Amino acid sequence: MKNQNRPFVFVVCLLTWISCAIENGLLSAETVKQTGWRAAAVSVVITPETAMWMSGYAARDKPSEGKVHDLYAKVLIIEDARGQKVVIVTTDLIGITPELRDPIAASLESEFKIPSAALLMNASHTHCGPELREEKASRRGLGGDRGAEAREYTQALGRKIVAAIGQTLSKLEPATLKYSYGRAGFAMNRRLPTPQGVINSPHPEGPVDQRVPVLSVVRPDGSLMAAIFGYACHNTTLSFYQFCGDYAGFAQEYLEADHPGMVALFMMGCGGDQNPYPRRSLDLAKQHGRALANAVEVALEVKQPRVIQGKLGIAMDDVELEFATPPSREELLKIKESGNKYENSHATRLLEQLEERGGIQTRYAFPLQVIQFGNDLTLVAICGETVVDYSLRLQKELKSGFGASGASEPVIWVAGYSNHVFGYLPSLRVLKEGGYEGATAMIYSSYPGPFTDSVENRVVSKIHELTELARKGAN
Ligand SMILES: [Zn+2]
């Protein structure tokens, strides 16, 4: 008797499986055909093979001592039905420098005929990675030729990323793109107003953006090829001497372990004025990584994600930003005599500039980029250590400025720390409030001093301009 029931049970199971699969978007061959995307993702280890000077924290006094886990660069390439591509490279690094991006962009154009504007490079801003900046490594590194080490690592890294891009291009296959988001609560504003000015300390009332945007890339058989996710929070739970991707590294590690065959890519948001709290232990970095991975899992479970359709539109250009009038030669000489070691070394660099160029440069051009996915998603990539105000403002403004009436609003995703991470990019509010991100952090850079009041409007109006172009391109 039992045996007679088996075919029925099997049919019921099969029907249940099919309906579940349809519900969960697993049977997506038809969707894949309709949307016309192709995609591929590749992951490559970039952990330095020898000890190196580490990035972040000016007070470091010795090179790296081993690793907690590997650092990675991840490449995700998405191609629309016309063959236009976007190349997204995320990295477990403190920042992206022109010395790293420029040769990669040049190879992209010469070897693969892909324009530089289609390359989005983002840094997770881990402070437990190698120092890429030759000048900083040689300035801070005590003993040995730390500058040359940074230069050689950067050059080899560029070649590695170009090879990974080539490999990714050879693997493109049909895919469905889906967007949803989760939330994680460990980011908190770190600019606490006090009678003595803004200090670096948890500020529960300060603005945050705790969304975890997730773009998942699904193969025709329903399996996950890649998931790229963002969070607006300094990747600085840790400050020790082992290489480690910090919370973002753990989140990627956990997601890849839980989804074999999937590449997890972390894209840093506008977390310039946000910290992970609590912090300063490996266990906490793992906890924050788990919290972020869980937020991604929730987004992946959302029953009706936004299916991204249409064509790619890409626009990239520099925005020229102004720095406040620099101190005079006399003032710089005075600072050099009387300041602390950081003020001292900043004044020395400006004096050198004055010597070499006959003046201190007060305008610099930095890259901004907008990638439009059909009518569904606007991805903005901002340079510098971008503060959260940019994300909150652009999410409102770019949505309301969208297209013809009746068109459904696109999702707005704002990444910071992209293409050139030169230092802090404050909003007007943060600039006026002063403190570290608004003013004093400049002392660790070669830039003359704080930006002028025009900074936010220059950035935002350039992004509006680029968004319009990218949206036209996606039409
Ligand atoms: Zn930072």
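This structure is a prediction, so every number in the text was calculated from the model and none was measured. Whatever order the structure lists them in is the order used to number ligands and atoms, beginning at 1. Computed from heavy atoms alone, side chains included, the values below leave out hydrogens, waters and symmetry copies.
The closest approach of His234 to the Zn ion (ligand 1), by N/O/S atoms, is made by NE2. For Glu385, the N/O/S atom at the shortest distance from the Zn ion (ligand 1) is named OE1.
Taking every heavy atom of both residues into account, Pro130 and Leu71 meet most closely at CD-CD1, 3.6 Å. Between Tyr153 and Ile46 the shortest heavy-atom distance is OH-O, 2.6 Å.
For residue His127, no N/O/S atom approaches the Zn ion (ligand 1) to within less than 2.8 Å.
Classified by interplanar angle (parallel below 30°, tilted 30° to 60°, perpendicular above 60°), the ring pair Tyr364/Tyr447 is perpendicular. Ring planes of Tyr417 and His234: perpendicular class, angle over 60° (limits at 30 and 60°).
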